[in-house]
Amino acid sequence: MKAMVGAPSSAGRAAVPLLLCAMLAPGGTYVLDDSDGLGREFDGIGALSGGGATSRLLVNYPEPYRSEILDYLFKPNFGASLHILKVEIGGDGQTTDGTEPSHMHYALDEDYFRGYEWWLMKEAKKRNPNITLMGLPWSFPGWLGKGFNWPYVNLQLTAYYIISWIVGAKHYHNLDIDYVGIWNERTFDINYIKMLRKMLNNQGLQQVKIIASDNLWEPISASMLLDPELLKAIDVIGAHYPGTCTVMDATLTGKKLWSSEDFSTFNNALGAGCWGRILNQNYINGYMTSTIAWNLVASYYQQLPYGRSGLMTAQEPWSGHYVVESPIWISAHTTQFTQPGWYYLKTVGHLEKGGSYVALTDGLGNLTIIVETMSHKHSKCIRPFLPYFNVSQQFATFFLKGSFSQITELQVWYTKLGKMSAKFLFKQLAPLRVNSSGSFTLELHEDELFTLTTLTTGRKGNHRLPPESQPFPARYEDDFNIHYPPFSEAPNFADQTGVFEYFINTEDSGDHHFTLRQVLNQRPITWAADASNTISIIGDYKWTNLTITCDVYIETPEKGGVFIAGRVNKGGIFIRSAEGVFFWLFANGRYRVTSDLAGWSVYDLGHVDVTAKKWYTLTLIIKGHFSSGMLNGKLLWENVSVSFPKNGWAAIGTYSFDFAQFDNFHVDATL
Ligand SMILES: *[C@@H]1O[C@H](CO)[C@@H](O)[C@H](O)[C@H]1NC(C)=O
Ligand SMILES: *[C@@H]1O[C@H](CO)[C@@H](O)[C@H](O)[C@H]1NC(C)=O
Ligand SMILES: *[C@@H]1O[C@H](CO)[C@@H](O)[C@H](O)[C@H]1NC(C)=O
Ligand SMILES: *[C@@H]1O[C@H](CO)[C@@H](O)[C@H](O)[C@H]1NC(C)=O
Ligand SMILES: *[C@@H]1O[C@H](CO)[C@@H](O)[C@H](O)[C@H]1NC(C)=O
């Protein structure tokens, strides 16, 4: 996801890159022909889990719903049938909608079972063994920076860290990573890219391709043209939100061009229209042979930044409810009738009265044509879109020539989007007869998508309806007593700074043997403006009146501190400025009540008999305009006046990047 903080520093960027947008001016007839050779090789349509924590709630879904969601995303000839899964290489930092854990929290630490991306990649492979896998870091664990907020302090160490993730994927999960990236939407270091290539080769990982720089087309393209070794090290130039255009330098490199992050749009019919348009026009206008959506599935609390910007929505593991949104079926129009390794025809372009067409072939005589007429009225992308055509009703006549002149019949799949919802989604129509002159005519209206193909394998997959939508349970508790946790994180907790993991406290064989622990001991190399404190949110954003109880254990004497909170009103990249009611307890014997996470605005404070390495029970009561707090069941502060914010999530956290444990978490919001 595009950061809203910290502009990417692009040292040496060319003043104004020359935008290159192929704008063919067609008549009402369109020739599809391979006799003059083929266009570029197609590399697939994909989606991104991460950047960050966008699949957080998915892993907690009960079966069979979880498997059904995965079917709609990955199963061939079923739903989105994605060709590519790109995941975040968790780096412990906040990366848009949460943090994802690193496989190396500390210098001598290695664990390839944290988080859910390993699991997700395996589920994708299970359904489609041919799916392409990609990894890209956003943030990095703090130790790699040796005190600097910078991953290029020791190039070899950072390359070792990334390669360990690739080797771990193979060793522990039998996952072959096909592509690795550099640093999402941040500056690149030429020597690091060369080092990464060299060390990959030395590890016998020549087949792992490098994509760079997951930012703008420049300065990476110009750098490659000036440096033959860099040019050789990079296999694919990946640009983000390219608005379907590329630049001259990028084409001059002769490399594959990808839109390696795109879409990022609310997933209703408007978002679907955006997706349909860019899937065609990224190739037509900008020669891009792959487009990757941010994000795969909206499985994060909807009030976090860019809520519901996934191809589908699965944000209620407590109810099992999910929604197969229209972008799933827009994807199917391309993915089910093409494969990586197919080729675009040279004969692609814009339609006379708005819209566009592409055609692809497997080189064995199969042909897939995708025609879109998405209007700008109804199909808005979050990013500006440069080529601008109004769409009106038109007749488009296609002539099949070359290898395709013998085709007599095409299967037809059809979508019609409306202003608010879709009228038809990926509906199979009667096959179309190609007339004896090798041509056929389509009547096109705005906001339509047609796939015309020789393949007969398309299918609109269908599971029975999922359960009804339900709010987060108003009474919720977790004692974290999971002996063999399938995931490192506790269900429904969404870490926003820091990492909270299941922990086995071997020193305590009693009630606090199994706990939840904040495990970072230093600030990561951040990608966003992470808070100075750690925090994990949970629950219903609409909660106003609630009582939260949690056992807490501060591990660090003197400076250590923990909190529980309610009505927390912000998360994701805005976590630093979160407000709410925060009840803090410190190892130095102080308590504090603040209206913000940063701790600027203090409602109440005082002394209390508290030390590190002892368990205490905190209770926070918020009702109407008043709040009170208890320590070990005894009232500590009473009827503090709280007026803003009026609602928000519950949360736990620590004062700084220090170890602390939590147990017997309990919320009651029924009052
Ligand atoms: C995977 O790719 C191979 C080779 O292209 C193909 O034969 C096979 O059918 C594909 N499998 C699936 C599940 O798509
Ligand atoms: C098209 O694809 C199918 C399935 O992959 C294959 O059997 C067939 O030979 C291909 N060629 C034509 C002309 O249909
Ligand atoms: C598209 O239509 C609108 C309204 O009819 C008009 O103002 C605009 O100039 C048109 N744009 C193009 C590029 O033709
Ligand atoms: C919260 O409690 C206050 C005070 O009792 C009450 O006035 C208000 O209606 C409650 N709000 C909700 C949403 O229940
Ligand atoms: C807070 O004030 C209300 C009404 O003034 C009172 O009933 C209540 O007992 C006080 N204390 C707590 C902990 O709510």
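Atoms within a ligand are numbered from 1 in the order they appear, just like the ligands themselves. Numbering starts at 1 and runs along the sequence shown. What you see below is based on every heavy atom in this structure, not just the backbone, and it leaves out hydrogens, waters and symmetry mates.
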* Distance filter under 4.0 Å to Lys623 heavy atoms, resulting ligand 4 atoms -> 2 (O), 5 (O)
* Protein heavy-atom partner closest to atom 13 (C) of ligand 1 - residue, atom, separation in Å -> Pro129 CD, 3.9 Å
* Check whether NZ of the Lys or CZ of the Arg Lys427 lies under 6.0 Å from the centre of the six-membered ring of Trp413 and within 45 degrees of that ring's axis. => no
* **Parallel, tilted or perpendicular, as decided by the 30° and 60° cut-offs, for the rings of Tyr72 and Tyr322** => tilted
* **Salt bridge Arg127-Asp71, side-chain N to carboxylate O under 4.0 Å** => yes
* Enumerate the atoms of ligand 2 whose separation from the nearest heavy atom of Asn366 is less than 4.0 angstrom. => 1 (C), 2 (O), 3 (C), 8 (C), 10 (C), 11 (N), 12 (C), 14 (O)
* **Heavy-atom protein contact below 4.0 Å for atom 5 (O) of ligand 1** => no
* Take Phe583 and Phe563 through the ring-ring contact (aromatic ring centres under 6.0 Å, His included) test and state the conclusion after the steps. => CA-CA 5 Å; Phe583 177 15; Phe563 71 83; over 10 Å; no
* Asked: Is it true that Leu364 lies under 4.0 Å from ligand 2, counting heavy atoms only?
  -> yes
* Could you tell me whether Leu455 approaches ligand 2 through its side chain, its backbone, both or neither, with non-hydrogen atoms closer than 4.0 Å? => side chain
* To do: If you have a sec, work out which protein heavy atom is nearest atom 14 (O) of ligand 1 and how many Å separate them, to one decimal?
  => Asn130 ND2, 3.5 Å
* **Candidate list Tyr179, Tyr287, Tyr283, test ring pair (Phe, Tyr, Trp, His ring centres under 6.0 Å), partner Trp258, passing option** => Tyr179
* To do: Work out which heavy atom in Asn282 is nearest to a heavy atom in Ser259; give both atom names and the distance.
  => ND2-CB, 3.6 Å
* To do: Enumerate the atoms of ligand 4 whose separation from the nearest heavy atom of Asn545 is less than 4.0 angstrom.
  => 1 (C), 2 (O), 3 (C), 8 (C), 10 (C), 11 (N), 12 (C), 14 (O)
* Quick one: sort the Phe78 and His463 rings into parallel, tilted or perpendicular, breaks at 30° and 60°. => tilted
* To do: Measure from atom 11 (N) of ligand 4 to the protein's non-hydrogen atoms and state whether any distance is below 4.0 Å.
  => yes
* Hey, which atoms in ligand 4 end up nearer than 4.0 Å to a heavy atom of Thr544? -> 11 (N), 12 (C), 13 (C)
